[in-house]
Amino acid sequence: MEHRIACHDCDLLHEVRPLPPGSVALCSRCGSVLYRHKRNPLDRTLALALTGMILFILANSFPFLAIKSAGLTRATTLISGIAELHRQEMNLVALLVLATTLVVPLLELCALLYIFLPMKVGRTSRHMAMAWRCLSKVRAWSMMEVFMLAILVALVKLSGMATIVPGVSVYAFAALIFVLAAASNSIDPQLIWDNLEKSWRR
Ligand SMILES: [Zn+2]
């Protein structure tokens, strides 16, 4: 069957043709990117999503920071940090930290696994279209790197007053930022469209 794609920018229709590995198809009128050939997009996205899930679990099971001051050591995890913010009545900040460090990355990872795990075994998830829309919406709220930057600034400022020891969680969290970015970059939207079409025809 002939496959057509409309340019995202100028709506010109193009015929979809197989591309050589690693190349990009451009719109013949405005030059914007129509689609790319990605190497093993399914396996790569899935591997990155699984790695991300492991990092997410690590980031939430180990101490984020330990503060040593006057012979006392206090370790906090991400969750206990959020609880502490809530206790100090900084509810808006607590909510923001909860959303950027826990809810958004978890939703993103779950949506990725929900879409791509069944695809790997030749099935299509029941609510794939919804999960895909959710993934695009949630990604706009992904601000983990902003949170990480805020932590770094706080660390530099605090380092004069107490000894700060970053925990396993900090490293897992930093790695998760890169893994999630790579996962979202490795997605081939064409895979989604093809699977949706297949499920509609059934
Ligand atoms: Zn165009």
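Atoms within a ligand are numbered from 1 in the order they appear, just like the ligands themselves. Computed over heavy atoms, backbone and side chain alike; hydrogens, waters and symmetry mates excluded.
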Would you call R36-D188 a salt bridge at under 4.0 Å N-O? no
Checking S80 side chain against T76 main chain: does a donor-acceptor pair fall under 3.5 Å? no
Do the ring planes of Y114 and H127 sit parallel (below 30°), tilted (30 to 60°) or perpendicular (above 60°)? parallel
Taking 2.8 Å as the strict upper bound, the Zn ion (ligand 1) has protein N, O or S neighbours numbering 4
Y35 side, atom OH; R17 side, atom CZ - distance, nearest 0.5 Å: 7.5 Å
Spell out, as yes or no, whether a donor-acceptor pair under 3.5 Å connects the side chain of K38 to the backbone of I187. yes
For S28, is there any backbone N or O sitting under 3.5 Å from a side-chain donor or acceptor partner on H14? yes
